[in-house]
Each structure stands twice: as structure tokens, then as C-alpha cells.
Engineer: 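Here you go, one structure.
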Amino acid sequence: MKSLYPLARGNPVSALTTLAVLGLINTSGFAADKKLVVGFSQVGAESGWRTANTDSIKSEAAKRGIDLHFSDAQQKEENQIKAIRSFIAQGVDVIAFSPVVETGFEPVLQEAKKAGIPVVLSDRAVKVSDPTLYKCFLGSDFIEEGKRAGNEALKLTDGKAGIAELVGTVGSAPAIDRAKGFREVIASHPDMKIILSQSGDFTRAKGKEVMEAFLKSPEAKQITLLFAHNDDMALGAIQAMEEAGIKPGQDIKIVSIDGVKGAFEAMKDGKLNVTVECNPLLGPQLFDIIEKVAKGETVPARVVTQEGVYEQAQAAEELPKRQY
Ligand code: GYE
């Protein structure tokens, strides 16, 4: 039979060399044309942050020639569990996901472990009793973000405020930890009182709806500060305030988290006071970790993203520089 690689015929060493020269294998022994297959289960498309996060992940996978199986859970944990099961059935090389909530993933993660498929957490954490169920959690320090928001709230109100809180998705790591960090900071200030607190599920529409209800509640007149767990809910709340004849950013001071462009625009217009940055552009770091995990290299169990805080006065200068 005629060999495709006549130079290599009958000589295994030179056969390998020839294949390497032709670019058909790489030095680590993987076939160069075998693409890395990654299953990614995303939370949904609930916010500007999430859209930027999805774009970053998809474009980085495309740039690296990774075969990305992307699945949108529409903010439902059961969809996410189904997606992970189907990634296991497909035999992907690595599974990555951004867990909608913290609890309930242990059984499916055990299944992935049994199948020998490594898992990387992106953006949000899970609570599991076995820490070997995932290789790495890449994402922000949400407690720190909550603390930063708390400190900004103190500065804006001189330590005296009736606080309304728009909570993120109930049971999600950012909602739990941002609430915790914020409370840790205001705890030593007895005149900082949380008088209303409800979930707006991280969406603009629900943020508006809940703010409308806050403004109709008996406590409405005492609200002097809004703490929104993300910018989208703050932007919805701004609309609700304006429709109720309240000046957002003045009558009610607003602190939120994410740092999306819409927040910078609102700050420029004087309607939002502070946004605490939470970086969604995780794609490059995520695939660095995934590629290492796929090669069997060890990775740190926790990688924290670097972020800042932006106040109203910086908005006009920062806005053109924002990438999301
Ligand atoms: O703050 C919010 C999004 O998990 C950090 O999810 C993320 C959060 C983000 O819906 O806008």
C-alpha cells in the first residue's frame, strides 16, 4: 500500500518527525487537528454584564480554535443540570459553567467526576462538600464588592440612611455575598438602616417593578439610599423613580455593582452615584485555565479577578474607555 508519508515509511522515529514537521501532531503528543471540546453552561441573558461575559467567552473560544458547546440555562438550575448531563454524555474534554445558584450541583458534579471530565467554575461559586468536584473557580470576590458598595454608601450619606436593597437572584453567590459584605460594613453604623430588601433577579424589568413597589410601601418616605446588587436593576429602579417624580442620584442616592456602560451613562447624567466594578471579560483567563486542565496541569483552586470602584465625577472620562 502506498504510504502517505513516503519519507517515514518503515521508520517509526522519522515517521513521528515527519508528522511533526507536517504539523499533524504537536510536541505534547496531541493530534494537532483534534480540537479541544468544551461544554459551557451559561446562567442566561439577564443583564448587560451577562451579555458581555457571553461575548467574551464565545469570542475567546473562537480565537483559540476551541470547539465550544454553549448552552443558555435561562436562569434555571434544572436547565443547567440537564446541560451538564448532556456534556457528560457527549464526552466533552472539559466542562465549565457559571452556576445560577450555589446549592444542588453536587450529584451532577459527581457524575462528571466519575466520567473523568474536569470541571471549571466561571463567575459564580457552588457549595459542595467535596472540594475535588471542580478544579478551579475563576471569578470576582463578591463579598469585597459588597464591602466596597457599603463604604461608598457611607461616604454618600455621612453614615445615616434609610436603605432600600435590590437583591440579585435568590441563592446565587453574588446575591448572598454582596448582601453579606455590605452588611459587614454598615453593621458598625447604627444610623445605616436597611428598611426594604427584595429580589429583582438581576434584571432591569424586575428592578423597576420592585422599586415601584418600594415607592408605594409605607416606608417609601424613609428611603434615602438604594443599594442594587447590579447595574441593570439600578437602571430599572431609576426609571421607576423618575416616573414617580423622584430625582434618582439626588433625592435617593444609588450605589450599584458591575460597571456596565449604561451605569456610566447614568452617572454622567447625575442619576447614579457609584458603580462598583465586576469584570465580565473572563474569556481569556477562563480558557487559559481550561487548556491547562485539559493537559492535566495543576491550576489554583481559586482565581480572583481585579476590579475597581467608579464614582460620578469619573464617569465622563471613563465612559469612552469602557469595554462593556
Ligand atoms: O453582577 C449580574 C449578573 O454573576 C457577577 O450576574 C455575576 C452577576 C452580575 O446577572 O449583573
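Numbering of residues begins at 1 and proceeds along the displayed sequence. What you see is a predicted model, and the numbers here were worked out from it, not measured in a lab. Indexing begins at 1, ligand by ligand and atom by atom, following the structure's order.
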Engineer: So, R50 side chain and P280 main chain: donor-acceptor pair closer than 3.5 Å or not?
Structural biologist: no

Engineer: Parallel, tilted or perpendicular, judged at 30° and 60°: which one describes the rings of F87 and H69?
Structural biologist: perpendicular

Engineer: Using the salt bridge (Lys or Arg N to Asp or Glu O under 4.0 Å) rule, pick out the option among R178, R183, K193 that qualifies with E165.
Structural biologist: R183

Engineer: Residue by residue, ordered by chain and number, which ones reach under 4.0 Å of ligand 1 with a heavy atom?
Structural biologist: E46, S47, W49, R50, D123, R124, F142, P174, R178, F202, N230, D258, C278

Engineer: I need the minimum non-hydrogen distance between I57 and F287, along with the two atoms involved.
Structural biologist: O-CE1, 3.3 Å

Engineer: Got more than 12 heavy atoms from elsewhere within 6.0 Å of CD, E78?
Structural biologist: yes

Engineer: For E291, give me all partners under salt bridge (charged side-chain N to carboxylate O under 4.0 Å, His left out), at least two apart in sequence or on another chain.
Structural biologist: R64

